[in-house]
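Before any comments, here is the structure.
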Amino acid sequence: MRDSSASFGSNALIALFLILGVLLPTGCVLWFMNDAATSQAAAARQSVTEAYRNQLPLLRDRVESYWQARTANLTQQLGPRAGESPASAFARAIRSGAADAILTPLYPPPPPPFNPDVKPDLALAAGQSQIRTYLQFNNKPAALEAIQRYFLIGPLSSAHDPQGRLTAADEQLLAIHLQPTPARIQHLAALLNDYDHVTIPPAQRLFLMDELRTLDPSLSFPTQEAERLAQQYQATNTAPPDTWQLPWDRQRPAEAIALDRTATIQSLTQSLLDQQTPSKSVRFTLLPPDSSSSSDSIQAGPLFPTWRLSFTLLDTKPLDEAARARRASYLYAGFLTIAAMILTGALTTNVFRRQLRLARLKTDLVAAVSHELKTPLASMRLLVDNLLDDPAHDPVKTREYLELIAGENHRLTRLIENFLTFSRIERNRQRFDFVPLDPAELIQTAAQLMRERLQPPQCRFEIETAPGLPQLQADEDALVTVLLNLIDNAYKYTPSDRKISVRARHASASVIFEVADNGIGIAPRDQKRIFRRFYRVDQRLARETQGCGLGLSIVDFIVKAHGGRVTVQSHPGQGSTFKVTLPVAVGQAHGLRRALSPPSL
């Protein structure tokens, strides 16, 4: 068995050689080249970024010109037209997209103060009173008919109350609440969208729009949000949240005031910027206050003193490809430089490992030979000395001692045969004589050679051979050696109450030999290693049993040389079964000799 500490030390030495001699210099070279390529890529990106940063002042001027032109256009949009009221001008400007909301000196007008001296319209009061009376008595049809007669087609359809509200619009909303129909909703919606012929106070118009949108969200009121923004500004004299006032010079209150939401400013500006910079690799953006911006951004100009103009690289693929090409060229040169180092290191390491392996094998072989030869020779010498020192030779004792000497001699013979076989395998000198053989006779020959150790009561030995087994084309001595090594292993690793059985059966085009025991078994992790040279399961077994770990490796070599395979089935504490599968003879050629190269053990 290989010495674990020596193996660990040699592996550590090889690893240290690889790290210090090859991997460390290689890693350093690759790191420096990659760092150089990364620096080049960063410089290229910085150059592109600087070029786009230089475009920001030019784009800022264009954005400034655009919004100045849009503000100047506002006066033209609100200019007086023949027969047009301030409300009509407001609606026309909003629908044309001049601003999200507009306040002019005339629209929206402030709510009129309450005047107690103004007398109510008697007809209007009478119509409303009649409708409320019908509703008080839960007479909805009569109330709806009165609304239709007075406020839809009657003389009160354009009447206003003392606060200036269009009474017909309120009554039509009442009719919709009493009996909602699409016709009534559409009629009132058209009334609210009519700024040219219908006079409705802004507050009332916005209230009615909100009510109708609650009943039918699909309705469209282009001026609804503009009315809301205008009234919010009028109530506080400041722009509502997320809304911006144009023009910024508030020292000219006589001029119109345009209100635009942040989203509108960003959308319009973004369209302008996209037209000015159609490149797909960069996107210029106008950022509102309190938004995160890069260090490359600049102030957006006098019209937007707290806004910033920035840009973002969208398509960095050309830069990345250039960086990858540069890095590839550097790394390619580096790989060419260190390829010789790696190849030399790999070859040197391989030679070094083979030398260490050969040195370990020689050490293991010397140790195994010394130990295994010393033990039987010492036993025979002790037995012979005892016989010689005995003045009176007892025939029973003499026979017993001679049997023990014969056993030790047999053990020594088997050990030397294994060493010789191993030596021939190592020197590629192992040859086989392939002749037709009877499987049953092979088992009998092996059992006959082991008969002295397989006698009861120390061992119960059984042979089971199926009748009519086909012949094998094989080397007789080699297969007997296979069976002897397997039976010897079964004997050694079954401490007490030994039960060993050898079976042979026919399966398809093969003959299967099985050697089973009731010994200590083999752990699953060791079952693939036991066919290696000098491998023993553990140190304890190496001390308690004889052998040097060559038997199963020789078995594996011989079986593979015959075109077969050897496997093991075992569980710790439940014994083991070694199975040898060999192909049956194809022809009847005798005396065929051929030299086989040993497979890797």
Side-chain angles (χ1 to χ4, degrees), residues 38-78 93 96-103 229 233 238-253 255-326:
T38 302
S39 300
Q40 290 287 338
R45 183 181 293 269
Q46 182 65 25
S47 177
V48 173
T49 302
E50 186 66 26
Y52 287 133
R53 187 188 299 114
N54 293 335
Q55 295 185 34
L56 287 176
L58 177 61
L59 293 176
R60 176 179 58 189
D61 294 341
R62 293 178 180 176
V63 169
E64 185 81 10
S65 299
Y66 169 80
W67 281 99
Q68 287 177 349
R70 190 170 186 269
T71 304
N73 187 49
L74 183 62
T75 303
Q76 183 180 357
Q77 291 286 340
L78 295 177
S96 68
D100 284 344
I102 299 174
L103 287 88
L229 288 177
Y233 183 91
T238 58
D242 202 29
T243 305
W244 305 88
Q245 174 183 340
L246 292 175
W248 303 103
D249 186 2
R250 299 189 58 194
Q251 302 301 322
R252 298 178 292 175
E255 294 186 4
I257 297 175
L259 299 177
D260 283 296
R261 294 187 183 276
T262 300
T264 301
I265 295 174
Q266 286 185 299
S267 176
L268 295 176
T269 305
Q270 192 63 56
S271 299
L272 173 67
L273 294 174
D274 291 343
Q275 293 175 4
Q276 298 294 325
T277 56
S279 174
K280 296 182 179 180
S281 60
V282 66
R283 182 180 178 86
F284 291 90
T285 310
L286 183 65
L287 301 176
D290 301 329
S291 62
S292 59
S293 60
S294 66
S295 58
D296 298 322
S297 62
I298 62 173
Q299 187 178 356
L303 276 181
F304 303 94
T306 57
W307 292 56
R308 300 192 69 81
L309 194 62
S310 181
F311 67 91
T312 304
L313 296 178
L314 299 178
D315 184 12
T316 60
K317 186 177 180 180
L319 293 175
D320 295 337
E321 289 180 350
R324 281 195 295 269
R326 190 177 295 106

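- To the nearest 0.5 Å, the span separating CG on L272 from OG on S267 amounts to 11.5 Å.
- Expressed to the nearest 0.5 Å, how far CZ of R60 lies from CD of Q55 amounts to 14.0 Å.
- Within the 4.5 Å cutoff, no side-chain heavy atoms of T285 are placed close to those of T269.
- Using a 4.5 Å heavy-atom cutoff, the side chains of I257 and I102 are not in contact.
- Partners of D260 by salt bridge (charged side-chain N to carboxylate O under 4.0 Å, His left out), not counting sequence neighbours, listed by chain and number: R70.
- The shortest side-chain heavy-atom distance between F304 and L309 does not fall under the 4.5 Å cut-off.
- Ring planes of F284 and Y52: perpendicular class, angle over 60° (limits at 30 and 60°).
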Between D100 and L259, does the side chain to side chain contact (heavy atoms under 4.5 Å, CB included) criterion hold? Intermediate values first, please. CA-CA 6 Å; D100 284 344; L259 299 177; 5.5 Å; no
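- Residues passing the salt bridge (charged side-chain N to carboxylate O under 4.0 Å, His left out) test with R261 are E225, sequence neighbours excluded.
- Atoms OH and CD, on Y66 and Q276 in that order, are 11.5 Å from each other to the nearest 0.5 Å.
- Residues W307 and Q266 are in side-chain contact: their nearest non-hydrogen atoms beyond the backbone lie under 4.5 Å apart.
- Distance check, rounded to the nearest 0.5 Å: CG of L286 to OG of S310 gives 10.0 Å.
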Might you work through the side chain to side chain contact (heavy atoms under 4.5 Å, CB included) test for T262 and T243, ending with a clear yes or no? CA-CA 6 Å; T262 300; T243 305; over 6 Å; no
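- Annotation: W244 is not in aromatic contact with W67 [ring centroid separation under 6.0 Å not met].
- Taking the side chain as every heavy atom from C-beta outward, L59 and L273 approach each other to under 4.5 Å.
- Looking at every heavy atom in both residues, L287 comes nearest to S292 through CD1-O, 3.7 Å.
- Between P57 and I298, the closest side-chain pair of non-hydrogen atoms falls below 4.5 Å.
- D274 is listed as a side-chain neighbour of R283, based on a closest heavy-atom distance under 4.5 Å.
- With values rounded to the nearest 0.5 angstrom, D290 atom CG is found 8.0 Å from T306 atom OG1.
- Residues Y233 and Q245 have side chains in contact (heavy-atom distance under 4.5 Å, counting atoms from C-beta outward).
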